[in-house]
Amino acid sequence: MKTKVVYVLVSSDKDIYLEQMYVSMYSLRFYNPNAYVVLLTDSQTAMTFTGRRKEMTKYADEIVKIELDSRLNGQQKSRQLKTSIRNRIDGDFLFIDCDTIITRDISCIDETSVSIAACRDTHSSFIDNPYRDMCLRHGQLLGWPIEGEKDYFNSGVIYVKDNSETREFYRRWNENLNLGYTNKVYMDQPSFAKTNYEMGHIVKHLDDIWNCELKHGIRYLKDAFIIHYLCTNVSTSHDKQLFILNEEDVLLEVKRTGDISEQIKETIVDPFKGIAEITHCFAGEDVYFFKTFCYNFVRQHYRTRRQKMLVITLRILRKFERMIRKVTII
C-alpha cells in the first residue's frame, strides 16, 4: 500500500480519544499490516505518551508533533491539525477519524485517480441531508451560497493526493476554519464545504463504503471498508446506542487495561456483532422527525419524573386536535 494513513489526535488522560484511535489503528493493522501510519498530534498531547498511553501509539510508524497555541482548547487544536495535514505531511494520504474501525484490506485506495475525494455526509444528497437546516445556518454565517450545493461531504475520511491543488485547498480550509471561529462556526465540515465551493468543487465522490456512517449507512455496512460510528453518539443512563463502540464503558475498559477486548476484536472481524441487540431501523419522514425540537423535547423527558406530566399534556393536545378537526369538518 503506497498511500499513507493519517490520524489526528489531541487527547489527555481525561478523555477516551486515544483509546478510540488505538482501536482504529489495531483494526487497520489487522487487515493492512504493511500500511504506513502517521499520527499527527500537538506537543502537549505528545507529552502524555508515557506508560500505557505510549503503548497505545505503537501502531503508528511516525509521530509528527506540532507546537500549537496553548490557549486553544482541545477541539480547536484538533481542527487546526486536521485542516493543515496536507501542508505538514508529504505524500498521498488517506485521513481517517479516530472514531472508526477498518474492516478489510484498503490497499485499493492506491487506485484513486482524483486529487481529493470524500463521501457524502449522511450518505445522501445535500437536499435530503437531515442536518440541512444546520448546514444552511453555517453557510450563511460563513458568507457563501450553500443553498445551491448538490453535495455536502463528511470530513471523517478524506483521500488526498500530494499536489499544488490539494495544498492550496488545505491552506484555504484552515483559513476558512479560522474565519468560522469569528462567526461562531466551530465545526470543520462547513469550512471544508466552503473551500470546495471556492475551488470549483474539486472534491470528488468516494464510494459510500469508504466511510460508512453507521447511524445513516446501514445499507453499506456489509461491504464497508471503514465504519464511522460517530463518537458524538453516546449512551445515557437509560439507553443503549446502535454500536458497541458508542458505549463509553467499552472504551473505558480499554483505557483501564490497555487491552482490546475479545468483544471488540469480534466486531472488527464481523461488524454486525457490534450492533445492539435491540434496534429499530427507520427511514423517510421519520429521519427528519427525529431531528426536530419536538422529538428531542419528548425524548429528554422520557422516563423521568416529568414523564407523567408530559403524557397528560400530550393527551390534552390530542383531544384539542380532535376538536379542531371536528370544527373544521363542520
Original post:
Side chains of Val38 and Val5: closer than 4.5 Å at any heavy-atom pair?
Top reply: no
Subject >> Point-to-point distance, once rounded to the nearest 0.5 Å, from CD1 of Ile109 to NZ of Lys4 >> reply: 16.0 Å
Subject >> Between His228 and Phe243, ring centroids under 6.0 Å >> reply: no
Original post:
Rounded to the nearest 0.5 Å, how far apart are CG of Asp110 and CE of Met1?
Top reply: 6.0 Å
Original post:
Closest approach of Phe153 and Arg120, non-hydrogen atoms and distance?
Top reply: CD2-N, 4.2 Å
Subject >> Presence of salt bridge, Asp13 and Lys255, under 4.0 angstrom >> reply: no
**OP:** Kindly give the heavy-atom pair with the smallest separation between Asp105 and Phe225, and that separation in Å.
**Re:** O-CE2, 3.3 Å
**OP:** Would you name the heavy atoms of Asn196 and Ile202 that are closest together and state the gap between them?
**Re:** OD1-N, 2.9 Å
Subject >> Name of the residue among Val203, Thr112, Thr166 meeting side chain to side chain contact (heavy atoms under 4.5 Å, CB included) with Tyr159 >> reply: Thr112
Original post:
What distance separates Ile116 CD1 from Arg86 CZ, expressed to the nearest 0.5 Å?
Top reply: 9.5 Å
Original post:
What are the two closest non-hydrogen atoms of Glu19 and Leu251, and how far apart are they?
Top reply: CG-O, 3.9 Å
Original post:
Take atom CD in Gln76; do more than 12 heavy atoms of anything else shown fall under 6.0 Å from it?
Top reply: yes
Subject >> Pair Lys273-Gln263, side chain to side chain donor-acceptor pair (under 3.5 Å): steps then yes or no >> reply: CA-CA 8 Å; Lys273 290 186 177 178; Gln263 189 178 18; over 6 Å; no
Original post:
Looking at Cys108 and Trp210, what are the two nearest heavy atoms and their distance?
Top reply: SG-CZ2, 3.7 Å
**OP:** Ignoring hydrogens and angles, state whether a donor on the side chain of Tyr229 or Glu213 is under 3.5 Å from an acceptor on the partner side chain.
**Re:** no
**OP:** Mind checking the CG-CD spacing from Leu177 to Gln80? Nearest 0.5 Å is all I need.
**Re:** 5.5 Å
Original post:
With a 4.5 Å heavy-atom cut-off, do Val64 and Leu39 have their side chains touching?
Top reply: no
**OP:** Decide yes or no for Leu40 and Tyr7: does some side-chain heavy atom of the first lie under 4.5 Å from some side-chain heavy atom of the second?
**Re:** no
Subject >> Criterion side chain to side chain donor-acceptor pair (under 3.5 Å) on Thr83 and Tyr170, from CA distance to verdict >> reply: CA-CA 6 Å; Thr83 59; Tyr170 269 75; over 6 Å; no
**OP:** Go through the side-chain N and O atoms of Ser191 and Asp188 and say whether any donor and acceptor fall under 3.5 Å apart.
**Re:** no
**OP:** Apply the test side chain to side chain donor-acceptor pair (under 3.5 Å) to residues Ser124 and Asn129: give CA-CA distance (whole Å), side-chain angles for both, the deciding distance (0.1 Å), then the verdict.
**Re:** CA-CA 6 Å; Ser124 66; Asn129 189 310; 4.5 Å; no
Subject >> Lys/Arg N to Asp/Glu carboxylate O, Glu55 vs Arg52, below 4.0 Å >> reply: no
**OP:** Nearest 0.5 Å please: distance from the CD1 atom of Ile218 over to the NE2 atom of His123.
**Re:** 9.5 Å
Subject >> Leu142 side chain near Asn176 side chain, heavy-atom distance below 4.5 Å >> reply: no
Original post:
Any sub-3.5 Å donor-acceptor pair from Asp61's side-chain atoms to Val37's backbone N or O?
Top reply: yes
Subject >> Parallel, tilted or perpendicular: rings of Tyr152 and Phe126 (30°, 60°) >> reply: parallel
Subject >> Thr100 vs Asp97, side chain to side chain donor-acceptor pair (under 3.5 Å): CA-CA, chis, key distance, verdict >> reply: CA-CA 6 Å; Thr100 56; Asp97 263 349; over 6 Å; no
Subject >> Flag side-chain contact, heavy atom, 4.5 Å: Glu149 against His201 >> reply: yes
**OP:** Spell out, as yes or no, whether a donor-acceptor pair under 3.5 Å connects the side chain of Asn163 to the backbone of Ser115.
**Re:** no
**OP:** Ignoring hydrogens and angles, tell me if any N or O in the side chain of Asp270 forms a donor-acceptor pair with the backbone of Glu266 under 3.5 Å.
**Re:** no
**OP:** Just say parallel, tilted or perpendicular for the rings of Phe169 and Phe192, cut-offs at 30° and 60°.
**Re:** perpendicular
Original post:
Once you round to the nearest 0.5 Å, how far does CD of Glu168 lie from CD of Glu175?
Top reply: 8.5 Å
Original post:
Which atom pair, heavy atoms only, marks the closest approach of Met199 to Arg172?
Top reply: CG-NH1, 3.9 Å
Original post:
Would you say the side-chain atoms of Asp162 pair up with the backbone N or O of Asp90, donor to acceptor, closer than 3.5 Å?
Top reply: no
Subject >> Asp42 side chain to Glu67 backbone, donor-acceptor under 3.5 Å >> reply: no
Original post:
So do the side chains of Thr103 and Ile226 get within less than 4.5 Å of each other, counting heavy atoms only?
Top reply: no
